[in-house]
Amino acid sequence: MIKAKSKLLSLYIHWPYCESKCPYCDFNSHVNEAFDPKQWIKCYTNQLFEMREQLLNHNVNLNNLNAIFFGGGTPSLMPLEIIDSILRTASNLFGFAENVEISLEANPSSYEKDKFYDLKEIGINRLSIGVQSLNNTNLKLLGRLHNTEDAQVAVEHANKTFNNISVDLIYAFHGQKIIDWTNELKTFLRKNNLQHISLYQLTIEEGTKFFTNYKKGLFNIIDNDKAADFYEISNEILNDQNFIKYEISNHAKRGFQCKHNLNYWNSQNWMGIGPGAYGRLWSSKSNNRVEYQNFKNPKTWLSKNIYKSEFEKTNFFNNATSDIDTLTMGLRLSEGIETSKLYDESIIKSDAFKKLEEEKIITIKDGILKVSENNMIKLNSIIDLLINS
Ligand SMILES: C[S@@+](CC[C@H](N)C(=O)[O-])C[C@H]1O[C@@H](n2cnc3c(N)ncnc32)[C@H](O)[C@@H]1O
Ligand code: SF4
């Protein structure tokens, strides 16, 4: 199958520590504990060597990396020597494409003044700043350690150092007024020169403090209609400021779409190293997609990778699982998905397809399937209807 041959290749590195645990967050993040940087370097290095072996075993093209993403947790807390070592080893083992995008997530409360500059010096060329909210009441509600002033200083500081800055914001909480949010967003955009924005509606994830409070009736969520209003108006504001919405929650100025995340949504090849990280490759040998899952607990991950690299699980997708994944990821993109990417297009149920097409919820043209703009907010239920009805 030619599918496997022409894929891009990127690398995700997970750093699992944060200064504190936010009450909404179900990422693999743990409050800081003592660690030995040398041990971490050894484990990340072993994983990079192992991934190279896996690529060779599966006859995956050893393309230069087009993107690298340090995510977390809070990777702005990572000692520079660890980041530097990972980048050097990755460059030796895989090579970097000419315009490789190297992103790192930074938290406004957890960087020292010169850290952005140092990060740039060792190769980071895109910073994703977790501003999260544009007013202090909501920052407190979200359990964040920074205030709006800290966030503004971090963004201004980043602007002096990087040409590619993204900001994460969470919105659409119970009690938030649309007028307040839109004013905050407009003011923030006027003040700052950003290339990318990720806007996430607050979700209540199982296992979080918000979830416990929600179950006890101490925390409310907004209703779907209101969430849709928040979504629509936010998209309009960003569109007016020349941001192109290229994915359900992501907006970029022309040419600044996040390359690493596009690799996920376009079902390319990526490697994932670090606690809980996962990677997926198209194997040319078995014609299947292979997924590598790392041990989630940082201590377990360290113990399993210090002498040689070991994954918690390796999954071989069958064609149907691959297709569901390709479709689910691809429909998140505003430009939609080429249905020829699927092994078997009959994964899409024809009755549901016809109905959704008649209702103009989805469109198909020249082999490209899309969810219409104003229905993106219902993406999960649309995918469910397409695959399961
Ligand atoms: C791994 S976290 C970000 C990294 C960094 N530690 C920070 O918090 O700034 C990725 C992003 O997911 C978003 N996020 C996490 N949990 C969320 C939730 N329950 N609802 C909405 N957005 C969420 C936040 O905007 C966050 O910046
Ligand atoms: S949102 Fe960011 S800072 Fe907060 S716990 Fe999650 S990863 Fe850590």
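For ligands, and for the atoms within them, numbers begin at 1 and follow the listed sequence.
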task = Indicate, with yes or no, if the rings of H251 and F243 have centres closer together than 6.0 Å.
result =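 Not under 6.0 Å, so no.
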
ask   = Does the separation of the ring centres of Y246 and H196 fall below 6.0 angstrom?
value =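 Between Y246 and H196, the centre distance is under 6.0 Å.
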
task = Please confirm whether R144 comes under 4.0 Å of ligand 2, counting heavy atoms of the residue only.
result =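 It does; at least one heavy atom falls under 4.0 Å.
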
Neighbour count above 12 (heavy atom, 6.0 Å) for [X] [atom1]:
X	atom1	value
D351	CG	no
K215	NZ	no
N224	CG	no
E359	CD	yes

ask   = Can you tell me if S76 has a non-hydrogen atom under 4.0 Å from ligand 1?
value =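 Per 4.0 Å heavy-atom rule, S76 does not contact ligand 1.
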
With heavy atoms only and a cut-off of under 4.0 Å, state how [X] meets ligand 1: side chain, backbone, both or neither.
X	value
T203	both
Q201	backbone
F27	side chain

message = Tell me how many protein N, O or S atoms are within a distance shorter than 2.8 Å of atom 8 (Fe) of ligand 2.
response =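 For atom 8 (Fe) of ligand 2, the figure is 1.
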
Is there a donor-acceptor pair closer than 3.5 Å between any side-chain N or O of [X] and the backbone N or O of [Y]?
X	Y	result
N318	A320	yes
N59	S284	no
N294	P275	no

task = Taking only heavy atoms of T74 into account, list the atoms of ligand 1 that are under 4.0 Å away from them.
result =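 With T74 as reference, the close atoms of ligand 1 come out as 6 (N).
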
task = Tell me whether I122 is reachable from I41 by hopping between hydrophobic residues (I, L, V, M, F, W, Y) whose side-chain heavy atoms are closer than 4.5 Å.
result =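 Yes.
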
Protein contact of atom 11 (C) of ligand 1 - nearest heavy atom, named by residue and atom, plus distance =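 Minimum-distance protein heavy atom for atom 11 (C) of ligand 1 reads D168 OD2, 3.3 Å.
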
ask   = Just distances here: any N/O of R144 and N/O of ligand 1 closer than 3.5 Å?
value =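 N/O-N/O distance under 3.5 Å: yes.
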
query = Just going by heavy-atom distances, which of S29, C18, G72, G73 is nearest to atom 6 (N) of ligand 1?
reply =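 Heavy atom nearest to atom 6 (N) of ligand 1 belongs to G73.
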
query = What atoms of ligand 2 come within less than 4.0 Å of a heavy atom belonging to Y24?
reply =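 What qualifies from ligand 2 is 1 (S).
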
